[in-house]
Amino acid sequence: MKTANDTTSAIPSDFIRNIIAEDLKTNKTRGRVVTRFPPEPNGYLHIGHAKSICLNFGIAAENGGICNLRFDDTNPIKEEVEYVESIKEDVRWLGFDWGDRLFYASDYFEQLYQYAVQLVKSGKAYVCDLSADEIRRYRGTLTEPGKDSPYRSRSVEENLDLFERMRSGEFEDGSRVLRAKIDMASGNLNMRDPVIYRILLAEHHRTGDKWCIYPMYDFAHCLSDSIERITHSICTLEFEDHRPLYDWFLDELNADCHPRQVEFARLNLSYTVTSKRKLAHLVEQGHVTGWDDPRMPTLSGLRRRGYTPESIRKFAERIGVAKKDSIVDIALLEHCIREDLNERATRVMGVLRPLRVVIDNYPEDRMEELEAINNPEDPGMGTRKVPFSRVLYIERDDFREEPPKKFFRLAPGREVRLRYAYFITCLEVVKDQQTGEVVELHCTYDPETRGGWSPDGRKVKATLHWVSAAHSLKAEVRMYDHLFTKTNPSDEKDGADFNAYLNQNSLETLNSCCVEPSLAGAAPASRYQFERLGYFCVDSVDSSDEALVFNRTVTLRDTWAKIEKAQMRRTIADGSS
RNA sequence: UGGGGUGUCGUCAAGUGGUAAGACACAGGAUUUUGGUUCCUGCAUUCGGAGGUUCGAAUCCUCCCACCCCAGCCA
């Protein structure tokens, strides 16, 4: 098995790696480390799964072990091939390779059935005719013990016969189940004679109509782990009180391989949800365009948004692994993608909200090509030519008729630098007579400052990005913001569910953006830094050579925005005091 | 009121009886043809609380408090 290699990172330390190191030291597994990533193919993978994937594949790689990809496909009603394909694609994209270790719980259905028969034979399982509702009532409550099913004392022969007939399709859907015979008075509800097989007259995406009974998770999972000779079965916290059951099955069946289950806290990210159920809901309700909507924390969404696998792996490493319920600040994820893209993204100039600028003293018929650096972090990425002419566009945000304190950018009478081009000075502001909106600026340029340097050493406080009006390309840019307005949308303490906290402004589409001509024919999914704005990638679904569409992956850190916000707060505070 | 877990900086998170790592965030400052990057600096006398053991406690003991998970024929 090969695994993505992050050369810069040391192997992290966490309680799971400590447990494994200890097990290795005490020779619990004869030196083997085998993990598995066991998704149920009932939805798309999200950032929380990435944590688990990095953990399982990472641990295997660090210990010279292997990690299996196993689909936990024991519930045909919810599972689909579309999901297994997407999951494989996402794991591969994240940078992990399961080699020939691709398995399905459904591969083991026959073995699992035989194990169940064995349990029946040893008197540890019985066929129960209670309805789902009756089973629930017999189970008792959190504080009261349950009571035995009237079918609990059926003979082994009768159970064997009934179970076989369940398999052969003799009974109605849901009419009978096979249950483990454990302890109806256990404080752990999972031990109160859990159902291990149910009748489901449903077509399975891999086994077709071969089966009409399907094993439950608790039964299938531990045995699948054992069959694959997993050494450490790593899962999330909610399975902690399933562990006694996990161990019970393996003990009762005398399994020769008894993996150790270890639980860790699942990932929660601020301003989003990491629950397949909730994500599916967003898709179904049309709040997003699909599982791969760039606002989704799914791997396909993050990929389309412009995130790199490296950044997600780095993120998984930085959040650590522990047992505490927590919510990781999404700013950390954003930091990871900025850090990665800062080193590798080609710089380019693009104007999102164009403001027309006419350089009055620049000849009308002239055009010159100025040299621009592709990536100051990596001189090896070279330079490119950017056309300059008399009519340009700059960012509307880069001009203020009445500049506030600390605003360094263009204003009437002020001189600024156009990146890689010239110093320009604003002389005249043209406004719309009706609305008063600034529609055009008239400026002069200093021919002595070509390339952006002044021979007399005079300084300007701002450098602006720009684009030549006649040479620029039109583009659509999609600006994304957090999907939810609340740090923890899943917190229902205020009486509302996560739907109430959907950010209505999570997508803003800009249709009249202008980008420099070097972007012509930009490849789908390619990533760029639009200087001074952020990182953007070519949308892999909607962009074409005729109509460029960019997704904003993440903004650059914006010190001015912070200053402005602070000024705003101060003004409000002064006004109200 | 049953069972299983968890509490260390705003957010993650090391720490395993020898005197509180690191990251993000935040706040200053330096450098800068991106208000980007980079670089410095600051940011837990204290580890949910109270007692106790010890020369010494986030680490051990006792009690208490808070929060999370479990009553699917889901995983």
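Scope of the values below: all heavy atoms of this structure, side chains included, with no hydrogens, waters or symmetry mates. Proteins get letters first, then strands, A, B, ... in listed order; numbering begins at 1 in each.
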(message) With a 4.0 Å limit, can you tell me whether A:Lys324 has a side-chain N or O closer than that to the phosphate oxygens OP1/OP2 of B:U8?
(response) yes
(request) Output yes when at least one side-chain N/O atom of A:His335 is less than 4.0 Å from OP1 or OP2 of B:C24, else no. (result) yes
(message) Tell me whether the rings of A:His281 and A:Phe498 are parallel (<30°), tilted (30 to 60°) or perpendicular (>60°).
(response) perpendicular
(message) Given A:Phe249, which partner from the list A:Phe219, A:Tyr217, A:Tyr115 fulfils the ring-ring contact (aromatic ring centres under 6.0 Å, His included) test?
(response) A:Phe219
(request) Would you verify whether the NZ or CZ of A:Arg154 falls within 45 degrees of the ring axis of A:Tyr126 while also being under 6.0 Å from that six-membered ring's centre? (result) no
(message) Say we look at B:A23 and B:G17: how far apart would their C1' atoms be, to the nearest angstrom?
(response) 28 Å
(request) Look up atom CZ in A:Phe530 and atom NE2 in A:His465, then write down how far apart they are to the nearest 0.5 Å. (result) 9.5 Å
(message) Work out how far the C1' atom of B:A57 is from that of B:U41, and round it to whole angstrom.
(response) 32 Å
(message) Any side-chain N or O of A:Thr74 below 4.0 angstrom from OP1/OP2 of B:A75?
(response) yes
(message) With a cut-off of less than 4.0 Å, is there a side-chain N or O of A:Lys562 near OP1 or OP2 of B:C26?
(response) yes
(request) Answer yes or no: does a side-chain N or O of A:Asn190 lie under 4.0 Å from OP1 or OP2 of B:C69? (result) no
(message) Please pick, from B:A14, B:C69, B:G2, the nucleotide with the shortest atom-to-atom distance to any side-chain atom of A:Glu238.
(response) B:C69
(request) Please tell me which of A:His242 and A:Leu237 maps to the more 5' nucleotide of RNA chain B, matching each residue to the nucleotide holding its nearest heavy atom. (result) A:Leu237
(message) Is the phosphate of B:C69 approached by A:Arg243 (side-chain N or O, under 4.0 Å from OP1 or OP2)?
(response) no
(message) Looking at A:Arg557, I'd like to know whether one of its side-chain N or O atoms comes within less than 4.0 Å of OP1 or OP2 on B:U37.
(response) yes
(request) Any strand is fair game: report the nucleotide pairing with B:C63 by Watson-Crick or G-U wobble, both distances under 3.5 Å, or none. (result) B:G49
(request) Would you classify A:Ile196 as touching base, sugar-phosphate or nothing, given that sugar-phosphate means primed atoms plus P, OP1 and OP2, and contacts are heavy atoms under 4.0 Å? (result) nothing
(message) Whether A:Arg70 engages the ring of A:Phe103 as a cation-pi pair (distance to the six-membered ring centre under 6.0 angstrom, angle to the ring normal within 45°) should be assessed.
(response) no
(request) Quick one: label A:Arg136 by what it contacts on the DNA or RNA (base, sugar-phosphate, nothing), any heavy atom closer than 4.0 Å. (result) sugar-phosphate
(request) Without swapping roles, check the side chain of A:Ser275 against the backbone of A:Lys278 for a donor-acceptor pair under 3.5 Å. (result) yes
(request) Could you tell me whether the phosphate oxygens of B:G72, OP1 or OP2, come under 4.0 Å of any side-chain nitrogen or oxygen in A:Arg198? (result) no
(message) Need one value for A:Lys461: base, sugar-phosphate or nothing, where a base atom within 4.0 Å counts as base even if backbone is also close, heavy atoms only.
(response) nothing
(request) Using the P atom as the reference point in each nucleotide, state the distance between B:G48 and B:A20 in Å, no decimals. (result) 16 Å
(message) Ignoring hydrogens and geometry beyond distance, is the side chain of A:Arg338 in donor-acceptor contact with the base of B:U37 at under 3.5 Å?
(response) no
(message) What's the gap between B:G7 and B:C12 when it is taken at their C1' atoms, as a whole Å value?
(response) 14 Å
Considering only distance and modelled atom types, tabulate donor-acceptor pairs under 3.5 Å from the side chains of residues 342-350 of chain A, sequence neighbours left out.
{"residue": "A:Asn342", "atom": "OD1", "partner": "A:Arg347", "partner atom": "NH2", "Å": "2.8"}
{"residue": "A:Arg344", "atom": "NH1", "partner": "A:Glu310", "partner atom": "OE1", "Å": "3.2"}
{"residue": "A:Arg344", "atom": "NH1", "partner": "A:Asp340", "partner atom": "OD1", "Å": "3.3"}
{"residue": "A:Arg344", "atom": "NH1", "partner": "A:Asp340", "partner atom": "OD2", "Å": "3.0"}
{"residue": "A:Arg347", "atom": "NH1", "partner": "A:Asn342", "partner atom": "O", "Å": "3.0"}
{"residue": "A:Arg347", "atom": "NH1", "partner": "A:Ala345", "partner atom": "O", "Å": "2.9"}
{"residue": "A:Arg347", "atom": "NH1", "partner": "A:Asn375", "partner atom": "OD1", "Å": "3.1"}
{"residue": "A:Arg347", "atom": "NH2", "partner": "A:Asn342", "partner atom": "O", "Å": "3.3"}

(message) Quick check on RNA chain B: between A:Thr143 and A:Leu200, whose nearest nucleotide comes earlier from the 5' end?
(response) A:Thr143
(request) Kindly say if A:Lys493 contacts the phosphate of B:C68, meaning a side-chain N or O under 4.0 Å from OP1 or OP2. (result) yes
(message) If you only use heavy atoms from C-beta on, which nucleotide in B:A75, B:U34, B:C12 is closest to the side chain of A:Gln529?
(response) B:U34
(message) As a test of the definition: with a 90° window around 0 for syn, would you call B:G7 syn or anti?
(response) anti
(message) Give me the distance, rounded to whole Å, that separates B:U62 from B:U54 when you measure between the C1' atoms they each carry.
(response) 16 Å
(request) Have a look at A:Val460 and say if it touches a base, only the backbone sugar-phosphate, or nothing, with a 4.0 Å heavy-atom cut-off. (result) nothing
(message) Please give the distance between the P atoms of B:A21 and B:C61 as a whole number of Å.
(response) 25 Å
(message) Does the structure show A:Tyr217 stacking with B:A75, if we require the centres to be closer than 5.5 Å and the planes to be within less than 30 degrees of parallel?
(response) no
(message) Work out how far the P atom of B:G28 is from that of B:C60, and round it to whole angstrom.
(response) 41 Å
(message) Any side-chain N or O of A:Ser13 below 4.0 angstrom from OP1/OP2 of B:G15?
(response) yes
(request) Could you check which of B:A75, B:A13, B:C70 has an atom nearest any side-chain atom of A:Met216? (result) B:A75
(message) Suppose you measure atom P in B:G51 against the same atom in B:A58; what distance do you get, rounded to whole Å?
(response) 15 Å
